[in-house]
Amino acid sequence: MELHDELGQNLTVLKLQLRSIQKTLPPDQSHLQGKCEGANRYVDQIIENVRRISQELCPTCIEDLGLDESIAMLVEDFALHSKLIVSIETQKIDSLFTLQQRTMIYRIFQEALNNIQKHALARKVWIKIERKKKAVDIQIADDGKGFVRDRNAEENVVKAGLGLTAMEERARMLGGTIEVFSIVGIGCRLAFNIPITAGERNDEFLSYSFG
Ligand SMILES: Nc1ncnc2c1ncn2[C@@H]1O[C@H](COP(=O)(O)OP(=O)(O)OP(=O)(O)O)[C@@H](O)[C@H]1O
Ligand SMILES: [Mg+2]
């Protein structure tokens, strides 16, 4: 969190300083203008990397905070940075899974939200975590540009990146399934069904929204 908040803040100040140097340059110094722009883009990359690294460290906090709280923090951070409207409706699921399973579920959320930020051009995101009798249903939907995922089709094909494949692999390792529903121009919805193998029942509903 410190890495994210403090270093992120410092880098933003550095960006502002670079910009003010750039403003004082005479217009004929195009070479230096270009260098300043290059440096600015580089700082953007560092800011993104710090965010990514602090996210990757977070699974260690699943142990302390639990999965429910960790997902809530991830979603809140996502809403803040993406400026998307995010609504989430959840039931507590932390006690249903082992630490390893919880980490996998957390990673699924990370990748789904990363994809929305990277590709979707969405305005709204809906997240639902539902505790059923024998399984947990998770839905992550956006109203973005959507995509066609047909490895054989000629047009509109998206190359299968690591993210979707990793999500499928994690769903499989959890003994569950993932379904991708997407319509070009309408959005995308990921639906996970993860069987509960152990744990206790807790039906409490939590509902909140950001943005
Ligand atoms: N929510 C989404 N909205 C629109 N397009 C999406 C969405 N999620 C995935 N895609 C499309 O599916 C492709 C594959 O996604 P995937 O996560 O597998 O790879 P990636 O994000 O491109 O790269 P990586 O995850 O390996 O960094 C993306 O390149 C993108 O075109
Ligand atoms: Mg991805």
Side-chain angles (χ1 to χ4, degrees), residues 3-4 8 41-60 62 67 70-90 100-130 136-194 208-211:
L3 187 68
H4 178 274
R41 277 197 298 273
Y42 191 53
V43 176
D44 279 338
Q45 273 176 29
I46 302 173
I47 291 173
E48 202 40 51
N49 281 346
V50 167
R51 247 195 81 178
R52 186 180 49 77
I53 292 166
S54 64
Q55 265 193 14
E56 274 166 16
L57 288 174
C58 201
T60 56
I62 291 175
L67 180 61
S70 300
I71 289 175
M73 273 176 58
L74 179 72
V75 173
E76 188 177 354
D77 186 57
F78 168 78
L80 205 70
H81 282 89
S82 65
K83 304 204 166 57
L84 295 175
I85 299 165
V86 185
S87 53
I88 172 164
E89 190 182 308
T90 76
Q100 199 191 14
Q101 289 172 322
R102 282 181 243 161
T103 307
M104 280 194 260
I105 294 169
Y106 184 83
R107 292 281 193 214
I108 286 174
F109 271 89
Q110 275 183 324
E111 178 53 29
L113 296 178
N114 276 343
N115 273 356
I116 292 173
Q117 191 164 13
K118 249 167 76 179
H119 309 293
L121 299 172
R123 277 180 353 105
K124 286 190 189 161
V125 176
W126 295 267
I127 296 168
K128 192 167 183 187
I129 303 174
E130 215 176 337
V136 168
D137 276 339
I138 296 174
Q139 308 214 37
I140 304 168
D142 67 71
D143 64 351
K145 64 178 186 175
F147 65 105
V148 177
R149 194 173 177 233
D150 182 347
R151 284 163 191 153
N152 302 315
E154 286 296 319
E155 278 177 59
N156 264 334
V157 191
V158 299
K159 62 172 177 51
L162 280 179
L164 283 171
T165 312
M167 277 196 277
E168 280 165 352
E169 182 60 16
R170 291 202 167 103
R172 199 186 58 77
M173 284 163 73
L174 287 159
T177 56
I178 168 180
E179 282 181 286
V180 183
F181 304 95
S182 188
I183 301 175
V184 172
I186 303 285
C188 172
R189 180 164 62 90
L190 303 178
F192 297 90
N193 179 275
I194 303 167
Y208 45 97
S209 56
F210 303 105

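Remember, it's 1-based here, ligands and their atoms both numbered in the order they're listed.
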Quick one: side chains of residues 79-86, donor-acceptor pairs under 3.5 Å with protein atoms, not counting sequence neighbours, listed by atom name and distance.
| unit_1 | atom_1 | unit_2 | atom_2 | d |
| --- | --- | --- | --- | --- |
| His81 | ND1 | Asp77 | O | 3.1 |
| His81 | ND1 | Asp77 | OD1 | 3.3 |
| Ser82 | OG | Phe78 | O | 2.7 |
| Ser82 | OG | Leu84 | N | 3.3 |

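Between Phe147 and ligand 1, no N or O atom pair is found at a separation short of 3.5 Å. For the pair Gly163 and ligand 1, the shortest N or O to N or O distance falls below 3.5 Å. For Thr165, no nitrogen or oxygen atom sits less than 3.5 Å from a nitrogen or oxygen atom of ligand 1, counting backbone and side chain alike. Among the atoms of Leu164, some N or O lies under 3.5 angstrom from an N or O of ligand 1.
Remark: Arg172 engages Glu169 in a side-chain hydrogen bond (donor to acceptor under 3.5 Å, both in side chains) (not counting sequence neighbours).
Rounding to the nearest 0.5 Å places CG of Leu164 at 7.0 Å from CG of Leu190. Expressed to the nearest 0.5 Å, how far CG of Asp137 lies from CD1 of Ile129 amounts to 11.0 Å.
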Quiz prompt | Check against side-chain hydrogen bond (donor to acceptor under 3.5 Å, both in side chains), Glu111 and Asn115 | solution = CA-CA 6 Å; Glu111 178 53 29; Asn115 273 356; 3.3 Å; yes
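Annotation for Ile46: atom CD1 counts as buried by contact number, over 12 foreign heavy atoms lying within 6.0 Å. Counted within 6.0 Å of OH on Tyr42, heavy atoms from surrounding residues, nucleotides or ligands total 12 or fewer; the atom is thus considered open.
Residue pairs meeting the side chain to side chain donor-acceptor pair (under 3.5 Å) criterion with at least one partner in residues 179-189, sequence neighbours excluded, are Gln139-Arg189.
Proximity of Ile127 to Phe109: side-chain heavy atoms (C-beta onward) are separated by under 4.5 Å at one or more points.
Close approach to Glu111 involves these atoms of ligand 1, each under 4.0 Å from a residue heavy atom: 17 (O), 25 (O).
With a 4.0 Å heavy-atom cut-off, ligand 1 is reached by the side chain of Asp142 but not by its N, CA, C or O.
Protein N/O/S atoms found under 2.8 Å from the Mg ion (ligand 2): Glu111 OE2, Asn115 OD1.
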